[in-house]
Amino acid sequence: MTVTIYVTKEAMATVLKIKDLDYYDRCCLADNEATDLTRKEGYYLKTTHKLNLAPLPEGAPLVASLRTSDADYSERVNIPASLRGCIFEKAPNLPPRYKEIIEYWSGEPLNTNAGGAVYYQNPMNAYVVDLSLLDAANAAGNYGGNVAGMDALLSEGVVVHIAGLGKALGSAPDDAFVEIGIPLDEAMLALDNPEFLTGQPYAQSTGQRSERIFLKVSDIRRSPDPDQIFVDALRYEELDYGFYY
């Protein structure tokens, strides 16, 4: 089961405007100030094709907010360089239960385990993926979708790690929400991002632009590990281009 990630109405409106656009059409919007959405809330959230997004209900109670300006923010929320980009299920340096946790919060990746993902692996989690099943599928003329039996692609964007949330909830009501601010390092997310597939840290400086997501308390409590949450939350501009041909 994949749960719902809640966002503001403004962010949801932006996501819905771009979710069906291809790479070229989306990027061309920025050429005209009247259509440019790159500065709008929600622009760098992954789209609703896989990540299950919904607007935050009116009057939703908030029991906690983790904002980038908080003194202890970096202790609670981080964006690991080792989980940026394409991560396959047999990668060597994954956190415990990563597959189970990322599927619960994020669902399947936008792209497939075939078609180039293996060549865009995170360098700190890269390994030799057995492509024999892919070769057999290609030989049979089957070029679309995931290749059954081949290592699963678990995540592909910018993964956010939220630590210790379960312990902090206390007796909060199940229908309440926790707000998570996610800083935007546009050097990693925008066009021409040569440092994306490197060990370069993701910038998390106070006061920078951010996206916001809201997690429901009941979903946190039911998650595989409420104190170790991983969400494949942000996309980068080349996610649906660049390495899939």
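All values below come from the heavy atoms of this structure, side chains included, with hydrogens, waters and symmetry mates left out.
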Worksheet item: Would Leu189 and Tyr43 satisfy side-chain contact (heavy atoms from CB on, under 4.5 Å), going step by step from the backbone distance to the final call?
Response: CA-CA 10 Å; Leu189 302 175; Tyr43 185 77; over 6 Å; no

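- Ion pairing of Arg97 with Glu103 is absent here, as no side-chain N (NZ or NE/NH1/NH2) approaches a carboxylate O to less than 4.0 Å.
- Here the closest non-hydrogen pair linking Ala233 and Val160 is CB-CG2, 4.2 Å.
- By the 4.5 Å heavy-atom criterion applied to side chains, Pro123 and Leu197 are counted as neighbours.
- A donor-acceptor pair is defined here as one N or O able to donate and one able to accept, closer than 3.5 Å; no such pair exists between the side chain of Asp232 and the backbone of Ser106.
- Between Tyr202 and Leu184, the shortest heavy-atom distance links the atoms OH-CA, 3.4 Å.
- To the nearest 0.5 Å, atom NZ of residue Lys46 and atom CG of residue Leu110 are 4.0 Å apart.
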Practice prompt. Before giving the answer on side-chain contact (heavy atoms from CB on, under 4.5 Å), spell out for Arg209 and Arg39 the whole-Å C-alpha distance, their side-chain angles and the decisive distance to 0.1 Å.
Written response: CA-CA 9 Å; Arg209 182 183 167 198; Arg39 309 305 299 178; 3.3 Å; yes

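- The salt bridge (charged side-chain N to carboxylate O under 4.0 Å, His left out) analysis of residues 126-154, with sequence neighbours excluded, yields the pairs Lys90-Asp151.
- Interatomic distance, CG of Leu66 versus CD1 of Ile180, reported as 4.0 Å (0.5 Å rounding).
- Remark: Thr4 engages Tyr6, Asn52, Ala54 in a side-chain contact (heavy atoms from CB on, under 4.5 Å) (not counting sequence neighbours).
- A heavy-atom distance below 4.5 Å is not found between the side chains of Ile79 and Pro201.
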Can I get a per-line list of side-chain donor-acceptor pairs under 3.5 Å for residues 171-179, giving both atom names and the distance, sequence neighbours left out?
from	atom 1	to	atom 2	distance (Å)
Asp174	OD1	Arg221	NH1	2.5
Glu179	OE1	Ser65	OG	3.0
Glu179	OE1	Arg67	NH2	3.3

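- Of all non-hydrogen atoms in Asp25 and Asp22, the two that sit nearest each other are N-OD1, 2.8 Å.
- With sequence neighbours left out, Asp192 forms a side-chain contact (heavy atoms from CB on, under 4.5 Å) with no residue at all.
- Pairs of residues two or more places apart, or lying in two chains, never qualify as ring-ring contact (aromatic ring centres under 6.0 Å, His included) while including a residue from residues 51-91.
- With a 4.5 Å cut-off on side-chain heavy atoms, Ile220 and Ile229 count as touching.
- When atom types are taken as modelled, the side chain of Asn193 and the backbone of Glu195 share no donor-acceptor pair closer than 3.5 angstrom.
- In this structure, the ring pair (Phe, Tyr, Trp, His ring centres under 6.0 Å) partners of Phe196, at least two apart in sequence or on a different chain, are Tyr236.
- Inter-residue side-chain proximity for Asn111 and Glu156 is flagged as met; some heavy-atom pair is nearer than 4.5 Å.
- Within the structure, the salt bridge (charged side-chain N to carboxylate O under 4.0 Å, His left out) test picks out the following pairs touching residues 54-63 (sequence neighbours left out): Lys9-Glu58.
- In this structure, the side chain of Asn146 does not engage the main chain of Ala152 through any donor-acceptor pair within 3.5 Å.
- Between Pro183 and Thr68, the closest side-chain pair of non-hydrogen atoms falls below 4.5 Å.
- For Glu41, the salt bridge (Lys or Arg N to Asp or Glu O under 4.0 Å) partners two or more places apart in sequence, or in a different chain, are Arg212.
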Scan the side chains in residues 27-35 for donor-acceptor partners under 3.5 Å anywhere in the protein, sequence neighbours excluded, and list what turns up.
from	atom 1	to	atom 2	distance (Å)
Asn32	OD1	Ala34	N	2.8
Thr35	OG1	Leu29	O	2.7
Thr35	OG1	Asn32	O	3.3

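- In terms of modelled atom types and a separation under 3.5 Å, the side chain of Asp185 and the main chain of Ala203 share a donor-acceptor contact.
- Contact annotation: the side chain of Tyr23 never approaches that of Leu239 to less than 4.5 Å [non-hydrogen atoms, C-beta and beyond].
- Between Arg84 and Val158, the closest heavy-atom pair is CG-CG2, 4.4 Å.
- A side-chain hydrogen bond (donor to acceptor under 3.5 Å, both in side chains) check over residues 74-83, counting only residues at least two apart or in different chains, returns the pairs Asn78-His161.
- Residues satisfying the side chain to side chain donor-acceptor pair (under 3.5 Å) criterion with Lys99, sequence neighbours excluded, are Glu89.
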Worksheet item: For Arg235 and Ile18, what are the C-alpha separation, side-chain angles and deciding distance, and is it a side-chain contact (heavy atoms from CB on, under 4.5 Å)?
Response: CA-CA 12 Å; Arg235 64 173 182 82; Ile18 66 175; 3.3 Å; yes

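- Under a cutoff of 6.0 Å and an axis angle of 45°, Arg222 and Tyr104 do not form a cation-pi pair.
- When all heavy atoms of Ile87 and Ala91 are compared, the pair lying nearest together is CG2-CB, 4.4 Å.
- Annotation: the span from Ile102 atom CD1 to Glu108 atom CD amounts to 13.0 Å, rounded to 0.5 Å.
- From Ser223, atom OG reaches atom CD of Glu100 across 9.5 Å, with rounding to the nearest 0.5 Å.
- When all heavy atoms of Thr198 and Pro194 are compared, the closest pair comes out as CG2-O, 3.7 Å.
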Worksheet item: Can you list the steps and then say if Asn113 with Leu134 is a side-chain contact (heavy atoms from CB on, under 4.5 Å)?
Response: CA-CA 9 Å; Asn113 65 353; Leu134 172 60; over 6 Å; no

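- Looking at Asn93, its side chain never comes within 3.5 Å of a backbone N or O of Asn125 through a donor-acceptor pair.
- With 3.5 Å as the limit, one finds no donor-acceptor pair spanning the side chains of Thr38 and Tyr44.
- By the 4.5 Å heavy-atom criterion applied to side chains, Thr2 and Trp105 are not counted as neighbours.
- When the side chain to side chain donor-acceptor pair (under 3.5 Å) test is applied to Arg26, the partners found at least two apart in sequence or on another chain are Glu237, Asp240.
- A 4.5 Å side-chain heavy-atom check between Leu51 and Ile5 finds at least one atom pair inside the cut-off.
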